[in-house]
Protein chains: 2
Amino acid sequence: MNAPLTEKTCGFADSQSVAAKLAALSHPARIEILRHLSASRSCCCREVVDHLDLAQSTVSQHLRVLVDAGLVRYKPDRQRSRYEVDSDALANVSASLAALVTSCCSGR
Amino acid sequence: MNAPLTEKTCGFADSQSVAAKLAALSHPARIEILRHLSASRSCCCREVVDHLDLAQSTVSQHLRVLVDAGLVRYKPDRQRSRYEVDSDALANVSASLAALVTSCCSGR
DNA sequence: ATCGTTTATCGGCGATAGACGATGAACGAG
DNA sequence: CTCGTTCATCGTCTATCGCCGATAAACGAT
């Protein structure tokens, strides 16, 4: 965990922000997109569209959700768009959830 | 991690089921409820209502979402309802997310 | 200059989420 | 038995989600 957590490991981000990040992950298509982004090098929208069997506009929206949540980085590149997973941010979400779970388990 | 994962650590639950569990966690009120459940001993609906400043019906619905997702156990007790966090299930979700994150990070 | 490709965004549609109040069932206490 | 408490469920309303097709902008290639 190299990303500096704004909260201590045993502390919490507020429910609001944790929920927001998890919401971005709470859709099968977006999880699939994340997997594909991390596995692929190209990371353009089109490629995801081919992989996913959804309309291009729909995929673009899903990507936007991930970007807005800060889980995916976006960089326009010619007529392509480069999307890539923000590993640190992702690790952060996972850590937040883990912290929540830990506190729930240790509390009993 | 004492819960036996049905998939290998490096494998995945399908996106669908992971997404469903995360969806249950993707609301501030439900996260708050989880925290309260784990911190409190009583775990009845009323107490959560007092803690949360939401209508009783709304809280009941949130609890139902958590129960349906398998993250909270429900047991009727007299006129009360006992809700308690299913630590194993919660740990499982966390592990699934961690596995996803790990694979995304290791892939690059 | 004119295509073809890629992409983001808009508008619309149906479905679902989230909130509430009202209601009735269950139950303890009096 | 009756009253108060607790709870789940129902019906309703509004907002948002998820999806699509259409469109326009950006850009490379011809």
Side-chain angles (χ1 to χ4, degrees), chain A residues 14-37 40-85, chain B residues 14-37 40-85:
Chain A
D14 57 317
S15 305
Q16 184 85 32
S17 75
V18 179
K21 305 257 186 197
L22 291 180
L25 293 170
S26 68
H27 193 286
R30 289 196 286 271
I31 292 186
E32 212 54 50
I33 288 177
L34 274 185
R35 289 180 184 169
H36 190 71
L37 287 189
S40 161
R41 270 260 147 261
S42 57
C43 306
C44 71
C45 178
R46 178 75 209 299
E47 205 213 10
V48 180
V49 171
D50 292 343
H51 180 67
L52 220 48
D53 189 58
L54 281 174
Q56 179 267 328
S57 56
T58 304
V59 172
S60 186
Q61 283 179 334
H62 280 306
L63 283 167
R64 187 183 217 283
V65 170
L66 289 170
V67 170
D68 287 347
L71 303 178
V72 164
R73 274 188 298 268
Y74 163 77
K75 192 194 298 185
D77 176 28
R78 320 292 174 101
Q79 79 269 46
R80 301 282 192 82
S81 293
R82 298 203 67 79
Y83 289 98
E84 56 177 337
V85 174
Chain B
D14 57 317
S15 304
Q16 185 85 31
S17 75
V18 179
K21 306 260 186 196
L22 292 179
L25 292 172
S26 69
H27 194 288
R30 288 196 285 271
I31 292 187
E32 211 56 49
I33 288 176
L34 274 185
R35 289 180 185 168
H36 190 71
L37 287 189
S40 162
R41 270 258 148 262
S42 58
C43 307
C44 71
C45 178
R46 178 75 208 299
E47 206 213 11
V48 180
V49 171
D50 291 343
H51 180 67
L52 221 48
D53 189 59
L54 281 174
Q56 178 266 328
S57 56
T58 304
V59 172
S60 186
Q61 282 179 334
H62 280 306
L63 282 167
R64 186 182 217 283
V65 171
L66 289 170
V67 170
D68 287 348
L71 303 179
V72 164
R73 276 188 298 267
Y74 163 76
K75 192 193 300 185
D77 176 29
R78 321 292 174 99
Q79 79 269 45
R80 302 284 191 79
S81 294
R82 298 203 69 79
Y83 289 98
E84 58 177 335
V85 174

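Computed over heavy atoms, backbone and side chain alike; hydrogens, waters and symmetry mates excluded. These numbers were taken from a predicted model, which means no experiment stands behind them. Below, chains carry the letters A, B, ... as their sequence lines are ordered, and counting in each starts from 1.
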* **Set of salt bridge (charged side-chain N to carboxylate O under 4.0 Å, His left out) partners for B:Arg64, sequence neighbours left out** => B:Asp68
* To do: Apply side-chain contact (heavy atoms from CB on, under 4.5 Å) to B:Gln61 and list each qualifying residue two or more places apart in sequence or on a separate chain.
  => none
* Structure fact -> Scoring nucleotides 1-18 of chain C by protein non-hydrogen atoms under 4.0 Å (B base, S sugar-phosphate only, - none) yields -----SBBB--------S
* Asked: With sequence neighbours excluded, what pairs up with B:His36 under the side-chain contact (heavy atoms from CB on, under 4.5 Å) test?
  -> B:Ser40, B:Glu47, B:Val48, B:His51
* To do: For B:Ala19, enumerate each residue passing the side-chain contact (heavy atoms from CB on, under 4.5 Å) test, keeping only those at least two apart in sequence or located in another chain.
  => A:Pro28, A:Ile31
* Name all pairs fulfilling the salt bridge (Lys or Arg N to Asp or Glu O under 4.0 Å) condition that reach into residues 48-58 of chain B, sequence neighbours left out, sorted by first residue then second. => B:Arg46-B:Asp50
* To do: Write down the distance between CG (A:Leu52) and P (D:dG18), rounded to a whole number of angstrom.
  => 13 Å
* Would you mind reading off the distance between A:Leu54 atom CG and D:dC17 atom P, rounded to a whole angstrom? => 17 Å
